[in-house]
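Reviewing the structure listed below.
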Amino acid sequence: MNTQANQKEIPRVGPGEPITEPLPYEGTPMQVFAYLDIDQPFVAWASYRGVLVSAHAKYQPPQCPISMMFAGMIAAQNNVRFRNEMLIETWRQQHFPTCNSRLTGMYFFEDMASAQRLKNWGYHFTPEYLAELALHPSSSITKVDSNWITYAPLDKNGYITDPSWIPRYWSGEAHPDHEPLWELIAQGRAIVCGSDLRIRAYDNVYKAFPTALCLLETGRIAAHVGSDLGSIFPWLIKNDEATMKVQYHIDMEDAHNEVFLAKVHDYKGPRNYRDLAVGGEYFGLPHSEEYIVQFSVTDDFLYSVHASGALKNT
């Protein structure tokens, strides 16, 4: 693969620089920072495509996708974290329903310094995964101090023992014993700035889905003209009363939208013609079958996902 050739196809916006290419919306975006786990193929896809789209930005309850974070948690079968997140989510649903859910939102930091303060959050919370983004001005934001999560009282197995701090977390209070580390839980869209991380994301998509590069490039152009075509979302799908699965679906709603097709026709920005030629007359799709996760569920879990709207029947 010729990585150098692909560098020319990515609009250049470096960290700290203004976004000079046309934005697919009006208004001033908010500069934010996030760690993007581009080793996960679908996160890599979204990163190279250039615009992250949250679950509620495209879909609304009673049926909407879940976040990549939540899907990854289920795939990893991290039962301890899973139980803790469901407890936090139950408090949000019952007492803070206007706050954005941790199960469907995107996570950002307001500045580089805050993002760089993270310790022991996981393998991909390291400098090579840190990205600058431009958050759409219409996005909704819930601002919380992540210290409440970091320093939550746990038993020897890692389960939350005392949930009395959770209302203070959702209220947006600062932790009394630590310097606040503010985190934004957002619903909306965010442009990935710069080229380095996106180039590395492309390499990962190339390895995972080499026959889907035409659709990836089409999705990148679609993002530039304000469409969600080519976005990939994880969905919770109910198989029966006892089992569910996480399955990834790709957004193709605008494929026959004449207004969108006209915008693509008039698009004057860079195009990766080599990738657009992959597959000839046919789109190759990302092979998502190997990423489907089947799992058993409890009544409490079903209640929570029904309440958050993150459920799709077969």
Side-chain angles (χ1 to χ4, degrees), residues 1-3 5-6 9-10 24 36-55 57-59 63-72 74-75 189 192 197-239 244-261 263-265 267 270-294 310-314:
M1 189 192 97
N2 186 346
T3 301
N6 284 288
E9 308 301 336
I10 302 175
L36 303 180
D37 183 8
I38 58 172
D39 292 337
Q40 206 279 5
F42 297 118
V43 177
W45 179 285
S47 300
Y48 178 77
R49 184 179 173 275
V51 177
L52 308 186
V53 185
S54 74
K58 178 68 179 182
Y59 302 93
Q63 290 194 348
C64 68
I66 58 177
S67 68
M68 289 289 184
M69 179 276 290
F70 190 32
I74 295 173
R189 295 170 177 81
V192 183
L197 181 135
R198 291 179 67 190
I199 292 168
R200 289 185 284 119
Y202 177 93
D203 290 345
N204 290 341
V205 175
Y206 181 91
K207 295 172 185 175
F209 310 123
T211 62
L213 298 180
C214 177
L215 183 55
L216 175 64
E217 178 63 8
T218 302
R220 187 192 66 79
I221 295 171
H224 186 95
V225 301
S227 170
D228 291 327
L229 184 140
S231 297
I232 297 177
F233 298 94
W235 287 82
L236 274 178
I237 300 176
K238 184 178 178 182
N239 295 324
M244 299 182 71
K245 63 183 176 182
V246 175
Q247 185 169 323
Y248 292 85
H249 292 184
I250 191 163
D251 187 328
M252 296 297 292
E253 288 186 12
D254 280 340
H256 301 289
N257 183 322
E258 293 184 3
V259 174
F260 162 71
L261 295 175
K263 289 181 179 180
V264 172
H265 179 269
Y267 171 73
R271 297 173 187 255
N272 188 327
Y273 289 99
R274 183 190 62 187
D275 284 0
L276 287 172
V278 172
E281 297 180 0
Y282 301 95
F283 274 138
L285 296 175
H287 298 295
S288 60
E289 292 82 5
E290 64 182 283
Y291 300 97
I292 295 175
V293 180
Q294 309 269 1
L311 181 65
K312 186 174 184 178
N313 291 320
T314 305

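Atoms considered below: every heavy atom in the structure, side chains included; atoms not considered: hydrogens, waters and symmetry mates. Not measured: the values here are computed from a predicted model.
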| message | One pair to check against side-chain contact (heavy atoms from CB on, under 4.5 Å): L36 and L197. What are the steps and the verdict? | response | CA-CA 9 Å; L36 303 180; L197 181 135; 4.0 Å; yes
| task | Determine yes or no for a side-chain-to-main-chain donor-acceptor pair under 3.5 angstrom, with E217 supplying the side chain and N272 the backbone. | result | yes
| task | Could you tell me the separation between the SG atom of C214 and the CG atom of L276, rounded to the nearest 0.5 Å? | result | 5.5 Å
| Below 4.5 Å, heavy atoms only, C-beta onward: do P234 and Y291 meet side chain to side chain? | no
| query | Side chains of Y48 and V192: does their closest heavy-atom pair fall under 4.5 Å? | reply | no
| task | Could you list the residues that satisfy side-chain hydrogen bond (donor to acceptor under 3.5 Å, both in side chains) with D254, not counting sequence neighbours? | result | S227, N257
| task | Please name the pair of heavy atoms, one in C64 and one in W235, separated by the smallest distance, quoted to 0.1 Å. | result | C-CZ3, 3.5 Å
| message | So does R49 get a backbone contact from the side chain of R220, meaning a donor-acceptor N/O pair under 3.5 Å? | response | no
| Measuring from M69:CE to I74:CD1, what's the distance to the nearest 0.5 Å? | 10.0 Å
| query | Do the side chain of D251 and the main chain of S231 share a donor and acceptor less than 3.5 angstrom apart? | reply | no
| said: Quick check on K58: does its NZ atom have over 12 non-hydrogen neighbours (other residues, nucleotides or ligands) under 6.0 Å away? | reply: yes
| field | side chain to side chain contact (heavy atoms under 4.5 Å, CB included) partners for A46, two or more places apart | value | L52
| message | Please find the pair of heavy atoms, one from G284 and one from L215, that lie closest to each other, and give the distance. | response | O-CB, 3.8 Å
| side chain to side chain contact (heavy atoms under 4.5 Å, CB included) partners of I292, counting only residues at least two apart | K245, Q247, Q294
| request: Output the distance between atom CG (L285) and atom CG (L216), rounded to the nearest 0.5 Å. | output: 12.5 Å
| By side chain to side chain contact (heavy atoms under 4.5 Å, CB included) - contacts of A255 (at least two apart) | L229, M252
| In chain order, what residues pass the side-chain hydrogen bond (donor to acceptor under 3.5 Å, both in side chains) check against S47, with sequence neighbours excluded? | none
| task | Might you point out which heavy atoms bring A57 and R189 nearest each other, and give the distance in Å? | result | O-NH2, 3.4 Å
| field | Smallest separation among heavy atoms of F233 and V53, with atom names | value | CE2-O, 3.6 Å
| request: Tell me, please, which residues at least two apart from A212 pass side chain to side chain contact (heavy atoms under 4.5 Å, CB included). | output: W45, F209, P286
| Does S67 use its side chain to pair, donor to acceptor, with the backbone of F70 at less than 3.5 Å? | yes
| Minimum heavy-atom distance between I38 and V43, given as atom pair plus value | N-CG1, 4.2 Å
